[in-house]
2 protein chains.
Amino acid sequence: MDRIGDKWSMLVLLSLKGGPMRFTQLRSRIGGVTPKVLTQTLRAMEQDGLLTREVFAEVPPRVEYTLTGLGRSLHGPLSVVATWAEQNVAEILRCREKFS
Amino acid sequence: MDRIGDKWSMLVLLSLKGGPMRFTQLRSRIGGVTPKVLTQTLRAMEQDGLLTREVFAEVPPRVEYTLTGLGRSLHGPLSVVATWAEQNVAEILRCREKFS
DNA sequence: CTGTATCCCGTCTGATACTG
DNA sequence: CAGTATCAGACGGGATACAG
């Protein structure tokens, strides 16, 4: 939770589920994230072994981000939580209205 | 994740699994949390419908916190994530060492 | 006992501009 | 294209003291 509970890590994880992606591709897929923050997020996830960063020495430069086995293995557990959230978000919102 | 990904919510959830608890009881069980922050945490969880706060008009005052059905229903999904974390924490730590 | 009131600091996140 | 540099705001969390 400490590692993927931030604002963007989970969206990166979901975006990369379909296969490797490049920096800009990832950025537009997610939407609303600045390059600085996306870089921070990706580097942290790389350090945790959730994804790999591969640089191709080309012109123009190309960098691909790919989920590791560890990263892919997170999808199962997270989807369990996601399912719970989807099933209960309505009740939670209803509950919060009472306090407004 | 937005709601229970903070520093203390999950510990509250786990602590209350065994049944209702009072403020101070909860505080010493968790350990290291100041009254202000614990109050913030509990109020947020109450608003989300994860627990109820019941005040008893006694001397000395008594307040009990109890998990709702919604709160209890979170244990399953979270334990799935917890299991994943326990099984993979070693590999994650090993990975982080490479970058140090 | 169960909190509230203040003050404070570090971190997260973002806007904007710039670079190899 | 894929970032880095810089500045700044908002927020979570903590220390301490006080109150009903």
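Every chain is numbered from 1, with letters handed out A, B, ... down the list of sequences.
- Proximity of B:Arg43 to the phosphate of C:dT2: no side-chain N or O atom is located under 4.0 Å from OP1 or OP2.
- Annotation: side chain of A:Ser9 is not in contact with side chain of A:Arg3 (no heavy-atom distance under 4.5 Å).
- Put simply, A:Leu74 and A:Val80 are part of two different groups of oily side chains (I, L, V, M, F, W, Y) that touch within less than 4.5 Å, one to the next.
- We find the CD1-CG distance between A:Ile92 and B:Leu50 to be 6.0 Å, quoted to the nearest 0.5 Å.
- Contacts between residues 51-61 of chain A and DNA chain D, defined by a heavy-atom separation under 4.0 Å, are made by A:Arg53, A:Pro60, A:Pro61.
- A:Arg62 has its CZ atom 18 Å from the C1' atom of C:dG20, to the nearest Å.
- Side-chain contact check for B:Ser73 versus B:Leu70: some heavy-atom pair is nearer than 4.5 Å.
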Kindly give the atom pairs (protein nitrogen or oxygen, nucleotide nitrogen or oxygen) under 3.5 Å for nucleotides 6-13 of chain D.
unit_1: D:dG13; atom_1: OP1; unit_2: B:Lys7; atom_2: N; d: 2.8

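- Of all the residues in residues 21-35 of chain A, A:Arg22, A:Phe23, A:Thr24, A:Pro35 reach under 4.0 Å from DNA chain D with at least one non-hydrogen atom.
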Would B:Lys7 and B:Val33 count as a side-chain contact (heavy atoms from CB on, under 4.5 Å) here? Give the steps.
CA-CA 10 Å; B:Lys7 189 166 180 181; B:Val33 60; over 6 Å; no
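- With A:Asn88 contributing its side chain and A:Glu91 its backbone, the two residues share no donor-acceptor pair below 3.5 Å.
- Exactly one of A:Glu54, A:Gln25, A:Glu46, A:Arg53 qualifies for a side-chain hydrogen bond (donor to acceptor under 3.5 Å, both in side chains) with A:Tyr65. That residue is A:Arg53.
- Looking at B:Thr68, its side chain does come within 3.5 Å of a backbone N or O of B:Gly49 through a donor-acceptor pair.
- Within the 3.5 Å criterion, the main-chain N or O of B:Arg62 finds no donor-acceptor partner in the side chain of B:Arg22.
- A:Trp8 and A:Val81 sit in two unconnected hydrophobic clusters of ILVMFWY residues. Membership requires side-chain heavy atoms under 4.5 Å apart, directly or through other members.
- At whole-Å resolution of the value, CD in A:Glu64 and C1' in D:dG3 are 16 Å apart.
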